[in-house]
Amino acid sequence: MNSLYQSSIKSLPLLGHGKVRDNYAVGDDKILIVTSDRLSAFDVVMNEPIPGKGMVLNQMTDFWFEKLGHIVPNHLTGVAPESVVAPDEVEQVKGRAVVAKRLKPILVEAVVRGYIIGSGWKDYQATGAICGIQLPAGLKQAEKLPQPIFTPAAKADIGEHDENISFEDMEKRIGTELATKMRDVAIKLYTEASEYAASRGIIIADTKFEFGLDENGVMHLMDEVLTADSSRFWPADSYATGISPPSFDKQFVRDYLETLTDWGKTAPAPALPADVIAKTQAKYFEAIERLTGEKLKA
Ligand SMILES: Nc1ncnc2c1ncn2[C@@H]1O[C@H](COP(=O)(O)OP(=O)(O)O)[C@@H](O)[C@H]1O
Ligand SMILES: [Mg+2]
């Protein structure tokens, strides 16, 4: 397995390193997105790669782009990543990169929740609502919601956590028409994906989509889609309410980090033990196999 902590493509201008992805300009209308093996937990990037994780995320995203392409256009160009880098850089992009349309990111993340957990559960306990959406009384932690809800979040600056906002706030930021379209598309994507995942024994508790506009103002789905990083995947056979069900992939890392009483969940990250890395890697591989029915193409 070819592991990549950070890419270094010298033949293209670097646009920036995100927590997990490295972006390069391809001409002035496309970008090369390389998904590294970095893992972030509590929004802090760990120092060790999870070998192959980036390939899993990239191939999961591709899988969903194809499955959900009839709902909304996406950023894929069909250009092979191998064709836009130098020959000695091909190894860095194999199986883990895409050449995407360079879009203008919409600075509101489209979060859809089918179950009440995480920050949604916290907000509900405090106010009975999530992002201003009033919910029935008496819901238990991790309970399935009567129907999926759209709970937008303002994209935070580097190092900050995203902030839940109301739909009215989202309308003020990007306009009613685009906000409504984003909400309706996001709910459709989540609904179709979660029905499919259920048939494979996986609950998609919630997920986050990112959208961008092309030069004609057409809304496209971009970034990563319905991966274990952008969603909470729960194995259906161990699902229960009243607890925070273990997530498919990052649970070993999170559990380990929670045992470190002297780490304040801010950078720098503590070192991860080898067994935590190995178990996490196995989970990512299991996730793609369970979801797509196929082994990772390495
Ligand atoms: N087609 C696209 N056009 C422009 N920007 C994109 C596109 N697809 C993804 N991005 C952006 O590229 C970055 C991906 O890197 P990532 O590691 O996910 O960053 P982050 O730390 O912000 O989550 C994100 O900022 C995302 O919004
Ligand atoms: Mg991201």
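Values below: all heavy atoms of this structure, side chains included; hydrogens, waters and symmetry mates excluded. In each ligand, atom 1 is the first atom listed, and ligand 1 is the first ligand listed.
- Between the side chain of Trp64 and the backbone N or O of Leu226 there is at least one donor-acceptor pair closer than 3.5 Å.
- Take Phe42 and apply the ring pair (Phe, Tyr, Trp, His ring centres under 6.0 Å) test, not counting sequence neighbours, and it matches no residue.
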Donor-acceptor pairs under 3.5 Å, side chain of residues 75-87 to any protein atom, not counting sequence neighbours: which ones?
unit_1: Thr77; atom_1: OG1; unit_2: Val79; atom_2: N; d: 3.1
unit_1: Thr77; atom_1: OG1; unit_2: Val99; atom_2: O; d: 2.7
unit_1: Ser83; atom_1: OG; unit_2: Ala80; atom_2: O; d: 2.6

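- Residues Gln92 and Val34 have side chains not in contact (no heavy-atom distance under 4.5 Å, counting atoms from C-beta outward).
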Which pairs of nitrogen or oxygen atoms, taken one from ligand 1 and one from the protein, are under 3.5 angstrom apart?
unit_1: ligand 1; atom_1: 1 (N); unit_2: His75; atom_2: ND1; d: 2.9
unit_1: ligand 1; atom_1: 1 (N); unit_2: Lys101; atom_2: O; d: 2.9
unit_1: ligand 1; atom_1: 3 (N); unit_2: Leu103; atom_2: N; d: 3.1
unit_1: ligand 1; atom_1: 8 (N); unit_2: Asp223; atom_2: N; d: 3.2
unit_1: ligand 1; atom_1: 12 (O); unit_2: Asn23; atom_2: ND2; d: 2.8
unit_1: ligand 1; atom_1: 17 (O); unit_2: Lys19; atom_2: N; d: 3.1
unit_1: ligand 1; atom_1: 17 (O); unit_2: Val20; atom_2: N; d: 2.8
unit_1: ligand 1; atom_1: 17 (O); unit_2: Arg21; atom_2: N; d: 2.7
unit_1: ligand 1; atom_1: 18 (O); unit_2: Arg21; atom_2: NE; d: 3.1
unit_1: ligand 1; atom_1: 18 (O); unit_2: Arg21; atom_2: NH2; d: 3.2
unit_1: ligand 1; atom_1: 21 (O); unit_2: Lys19; atom_2: N; d: 2.9
unit_1: ligand 1; atom_1: 21 (O); unit_2: Lys19; atom_2: NZ; d: 3.2
unit_1: ligand 1; atom_1: 27 (O); unit_2: Lys155; atom_2: NZ; d: 3.0
unit_1: ligand 1; atom_1: 27 (O); unit_2: Glu210; atom_2: OE1; d: 2.7

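- Grouping Ile, Leu, Val, Met, Phe, Trp and Tyr by side-chain contacts under 4.5 Å, direct or through others, puts Met222 with Leu103.
- Arg173 has a carboxylate O that lies under 4.0 Å from a charged side-chain N of Asp169, or vice versa, which qualifies the two as a salt bridge.
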